[in-house]
**Student:** 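The structure is given below, and queries will be raised subsequently.
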Amino acid sequence: MVQLTPARVRYAPSPTGLPHVGNIRTALFNWLWARHTGGQFILRIEDTDVARRVEGATEGIMESLRWLGLDWDEGPLVGGPYAPYVQSERLPRYEQEAARLVGSGRAYFCFCSEERLEAMRAAQARRREPPRYDGTCRRLPDEERKRRKDGGEPCVVRFKVPHRGETVTFHDLVRGEISFRDEDIEDFVILKSDGYPTYHLANVVDDHLMSITHVIRGEEWISSCPKHVLLYHAFGWQREMPVFVHMPVTLGPDKGKLSKRHGAEPVLEYRRQGYLPEALVNFMALLGWSLDDKTEIIGREDLVKHFSLERIGATSAAFNREKLDWMNGVYIRQLSPEELTDKLMPFLEEWQARTRAPHFSRSLLRQVVPLIQERLRRLDEAPALADFFFVDELAYDAVLLAPRGLPPDAARDALGRTREAVSALREWTPEALEGGIRGLALELGLKTGPYFGCIRVAVTGRAVSPPLFQTMAVIGRGRCLARLDAAIEKLKQGAA
RNA sequence: GCCCCCAUCGUCUAGUGGACUAGGACAUCGCCCUUUCAAGGCGGUGACGGGGAUUCGAAUUCCCCUGGGGGCACCA
């Protein structure tokens with residue numbers, strides 16, 4: 001492998017809610033790059049919007065990362081050489097850097113009120129002009145700005161975008177050169193009136209201070225990237241500018257950018273629905289990245305080993321639940337029965353608590369697991385698939401007992417003979433059951449299809465189940481005989 | 001409205017001028033296996049948005065159009 005310099009990358013979410021798949025995929029790509037290069041993955045909380053802050057969101061973010069196995073080397077809880085990693089705790093730095101810019105004439109105080117700005121934008125919209133700060137305070141004489149500032153008038157700090165009719169160009173690893181005309185960039189706010197920095201300032205300052213080498217983020221940031229580039233230059237940091245990698249956004253099923261509005265669910269919701277973190281990781285990695293023309297199932301280690309920024313595509317990808325479900329099934333089948341039992345326990349326990357199923361236990365579940373493993377796509381499907389192993393009474397429609405090709409009377413007789421034959425069995429094993437029941441089928445001249453179907457319903461209460469004889473073996477002699485009796489009774493009542 | 005980005009099967013993608021009658025995966029359809037359902041095996045349907053240009057030769061390069069997406073806050 002080529003010797004790579006260790007990268008320092010960051011996942012920088014704002015704590016405004018639980019991260020969803022599109023969001024956490026950014027974390028995954030950053031993490032993969034850090035691990036691939038042997039560098040550091042940094043978690044930085046960008047809580048510079050006091051109004052949008054959500055209680056507990058940071059914990060939710062960390063829990064999501066932990067569940068997916070995306071461990072961070074620096075950040076909340078673990079600390080690091082560039083602490084603190086929460087922007088609200090770094091306010092003095094931003095203020096200081098903003099002041100530097102004001103001092104050197106690259107930024108200025110702006111006293112325009114929210115109302116005035118709103119009116120300005122409304123007027124621009126009416127004139128069908130792009131909404132953009134009109135530069136009122138930029139044109140103010142220095143003395144007046146100083147006087148009003150010293151007088152305590154509320155203000156923000158705006159970056160003085162050089163409007164020289166030039167283009168601001170940056171290199172994006174995914175798309176190549178991207179350029180904007182400087183007159184299309186407005187004098188953006190870098191420090192708000194409450195003293196908090198905006199994303200633009202905080203992000204540039206911290207990335208520089210924390211020696212971030214690669215900024216891997218969603219493509220929704222492309223349009224603000226020139227602002228960041230301008231800031232790097234204004235600060236004199238252009239030599240150490242990070243490599244920009246704008247990943248394509250994830251689209252919802254309706255092809256809109258994945259968000260609450262477009263079918264995005266919190267990552268932790270996937271845990272609740274019985275997805276395996278390794279399946280979700282595999283799946284998300286393939287959303288916008290590919291190893292070659294055939295690899296679909298690729299485990300975490302191989303992902304780390306083979307991941308590369310160069311193979312990130314430029315087209316946005318729609319989140320496709322069906323493929324995730326398939327992939328999750330693949331990962332479920334790869335589990336050992338013991339592992340799967342462990343993973344299934346919380347889902348069955350939750351079900352048990354609701355239904356009071358009398359026969360549920362881990363050891364019974366352990367026996368059931370081999371019978372349902374290849375039938376599961378999600379862990380939360382297990383109760384619906386296996387409930388009849390754990391209950392006493394079965395509730396089902398008697399007509400199911402007489403499938404096509406087996407009239408009710410014949411079904412009742414067959415079940416009666418079956419009960420007889422089976423209760424005489426010395427061993428209650430799949431093999432013994434199969435021998436006995438097949439022998440009987442031959443003797444009675446019954447086709448196995450309808451006949452086995454009939455027994456299946458009697459024993460499981462449904463027309464679809466895992467293989468009959470193994471199922472009966474696990475359910476046990478006592479409950480099987482009782483269920484056969486109940487089925488015969490049901491048919492008698494139906495006839496009467 | 002303005003700016004930016006993108007464009008291969010329904011979906012995720014491979015493809016960097018000839019190896020492409022465009023490959024793989026999910027989904028879908030059919031067959032096989034089979035006591036049902038799965039799993040598995042085999043096979044089928046299915047795509048280079050349109051138009052120009054460059055070239056002996058374009059999915060691949062360039063331009064235009066169209067379509068889609070993103071952005072345009074004292075939000076990130």
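Order of the sequence lines fixes the chain letters, A, B, ..., with proteins taken first and strands second; residue numbering starts at 1 for each chain. Because the structure is a prediction, the values reported are computed rather than measured.
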**Student:** Could you check how far NZ of A:Lys192 sits from P of B:C74, rounded to whole Å?
**Tutor:** 10 Å
**Student:** Let me know the distance between CG of A:Leu18 and C1' of B:A76, rounded to the nearest Å.
**Tutor:** 16 Å
**Student:** Are A:Phe307 and A:Phe29, when compared by the centres of their aromatic rings, separated by less than 6.0 Å?
**Tutor:**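 Ring-ring flag for A:Phe307/A:Phe29: true, centres closer than 6.0 Å.
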**Student:** How about A:Arg164: does its CZ atom have over 12 heavy atoms from other parts shown lying under 6.0 Å from it?
**Tutor:**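 No, CZ of A:Arg164 has 12 or fewer neighbouring heavy atoms, counting only those of other groups under 6.0 Å.
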**Student:** If we call it a pair only when both distances are under 3.5 Å in a Watson-Crick or G-U wobble match, what pairs with B:C2?
**Tutor:** B:G71
**Student:** CG of A:Leu251 versus P of B:C6: gap in Å, rounded?
**Tutor:**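 Interatomic distance, CG of A:Leu251 to P of B:C6: 15 Å.
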**Student:** Applying a 4.0 Å non-hydrogen cut-off, can you work out what A:Pro154 is touching in the nucleic acid: base, sugar-phosphate, or nothing?
**Tutor:** nothing
**Student:** Say you pick atom C1' in B:U21 and the same atom in B:U28; how far apart are they, in whole Å?
**Tutor:** 24 Å
**Student:** Which pair of non-hydrogen atoms, one from A:His163 and one from A:Glu183, has the smallest distance, and what is that distance?
**Tutor:** CD2-CA, 3.7 Å
**Student:** On RNA chain B, compare the nucleotides closest to A:Ile222 and A:Pro466; which residue's is nearer the 5' end?
**Tutor:** A:Ile222
**Student:** Consider the side chain of A:Glu186, meaning its heavy atoms from C-beta on, and name the nucleotide among B:G70, B:A73, B:A14 that approaches it most closely.
**Tutor:** B:A73
**Student:** Say you pick atom P in B:A22 and the same atom in B:C5; how far apart are they, in whole Å?
**Tutor:** 32 Å
**Student:** When we call it a touch if two heavy atoms are under 4.0 Å apart, what does A:Arg121 touch: a base, just sugar-phosphate, or nothing?
**Tutor:** sugar-phosphate
**Student:** Using the P atom as the point on both nucleotides, what is the distance between B:C56 and B:U11, in whole Å?
**Tutor:**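 About 37 Å, rounded to a whole number of Å.
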**Student:** Distance between the C1' atoms of B:G10 and B:C65, in whole angstroms?
**Tutor:** 25 Å
**Student:** Answer with base, sugar-phosphate or nothing: what part of the nucleic acid does A:Ser290 contact at a heavy-atom distance below 4.0 Å?
**Tutor:**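 Sugar-phosphate: the residue A:Ser290, judged by heavy atoms under 4.0 Å, touches backbone atoms but no base.
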**Student:** Which of these nucleotides, B:G70, B:A76, B:U35, is closest to any side-chain atom of A:Ser223?
**Tutor:**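 The nucleotide sitting nearest to the side chain is B:G70.
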**Student:** Give none if B:G30 has no partner; otherwise give the nucleotide forming a Watson-Crick or G-U wobble pair with it, both distances under 3.5 Å.
**Tutor:** B:C42
**Student:** For B:A14 versus B:A25, give the span between their C1' atoms, rounded off to a whole number of Å.
**Tutor:**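 Result for the C1' pair: 11 Å, nearest Å.
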**Student:** If you measure from the P atom in B:G18 to the same atom in B:C4, how many Å do you get, rounded?
**Tutor:** 32 Å
**Student:** Any base atoms under 4.0 Å from A:Leu286, or only sugar-phosphate, or nothing? Heavy atoms, all strands.
**Tutor:**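 Here A:Leu286 touches the backbone only, sparing every base.
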**Student:** Could you pick out which residue, A:Asp184 or A:Thr315, lies toward the 5' side of RNA chain B when each is mapped onto its nearest nucleotide?
**Tutor:** A:Asp184
**Student:** Nearest to the side chain of A:Ser14 - B:U35, B:A76, B:C2?
**Tutor:**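 Among the listed nucleotides, the one closest to the side chain of A:Ser14 is B:A76.
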**Student:** Work out which heavy atom in A:Ala458 is nearest to a heavy atom in A:Arg483; give both atom names and the distance.
**Tutor:** O-CB, 3.4 Å
**Student:** Side-chain N or O of A:Arg132 less than 4.0 angstrom from OP1 or OP2 on B:C72?
**Tutor:**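 No.
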**Student:** Just checking A:Pro226: base, sugar-phosphate only, or nothing, at a heavy-atom cut-off of under 4.0 Å?
**Tutor:**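 Contact class for A:Pro226: none.
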**Student:** Please report the distance, rounded to the nearest Å, between CD1 in A:Ile185 and P in B:G71.
**Tutor:**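 In whole Å, B:G71 P and A:Ile185 CD1 are 17 Å from each other.
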**Student:** Over how many whole Å does the gap from A:Arg456 atom CZ to B:U35 atom P extend?
**Tutor:** 10 Å
**Student:** Between B:A25, B:U35, B:G69, which one does the side chain of A:Glu296 approach most closely?
**Tutor:**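 It is B:A25.
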**Student:** At 4.0 Å (heavy atoms only), tell me whether A:Thr48 reaches a base, stays on the sugar-phosphate, or touches nothing.
**Tutor:**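 Since only primed, P, OP1 and OP2 atoms lie under 4.0 Å of A:Thr48, the category is sugar-phosphate.
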**Student:** Return yes when atom CD of A:Glu55 has more than 12 non-hydrogen atoms of other residues, nucleotides or ligands closer than 6.0 Å, and no otherwise.
**Tutor:** no
**Student:** Between atom OH in A:Tyr331 and atom P in B:C26, what is the gap in whole Å?
**Tutor:** 14 Å
**Student:** Taking the P atom of each, how far is B:G49 from B:A7, in whole Å?
**Tutor:**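 Each nucleotide's P atom is 10 Å from the other's.
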**Student:** Counting only Watson-Crick or G-U wobble pairs whose two distances fall under 3.5 Å, which nucleotide matches B:A22?
**Tutor:**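 Pair assignment: B:A22 / none.
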**Student:** Could you give the distance separating B:U16 and B:C75 at their P atoms, to the nearest angstrom?
**Tutor:** 46 Å
**Student:** Mind checking who B:C9 pairs with, Watson-Crick or G-U wobble, both distances under 3.5 Å?
**Tutor:** none
**Student:** Fit a plane to each ring of A:Trp221 and A:Tyr199, take the angle between them on a 0 to 90° scale, and name the class: parallel (under 30°), tilted (30 to 60°) or perpendicular (over 60°).
**Tutor:**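 Rings of A:Trp221 and A:Tyr199: parallel, under 30°.
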**Student:** How close or far is atom P of B:A25 from atom CZ of A:Phe319, stated in whole angstroms?
**Tutor:** 21 Å
**Student:** Both conditions, 6.0 Å and 45 degrees, for the charged tip of A:Arg148 above the ring of A:Phe111: are they met here?
**Tutor:**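 Relative to the ring axis of A:Phe111, which defines the angle, A:Arg148 lies inside both limits.
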**Student:** Is it the case that the base of B:C37 and the side chain of A:Arg375 share a donor-acceptor contact (distance under 3.5 Å, atom types as modelled)?
**Tutor:** yes
**Student:** Tell me the interatomic distance from A:Asp293, atom CG, to B:A14, atom C1', rounded to whole angstroms.
**Tutor:** 5 Å
**Student:** For the pair A:His200 and A:Phe188, evaluate ring-ring contact (aromatic ring centres under 6.0 Å, His included) and give the outcome as yes or no after the intermediate values.
**Tutor:** CA-CA 9 Å; A:His200 306 304; A:Phe188 54 96; 5.4 Å; yes
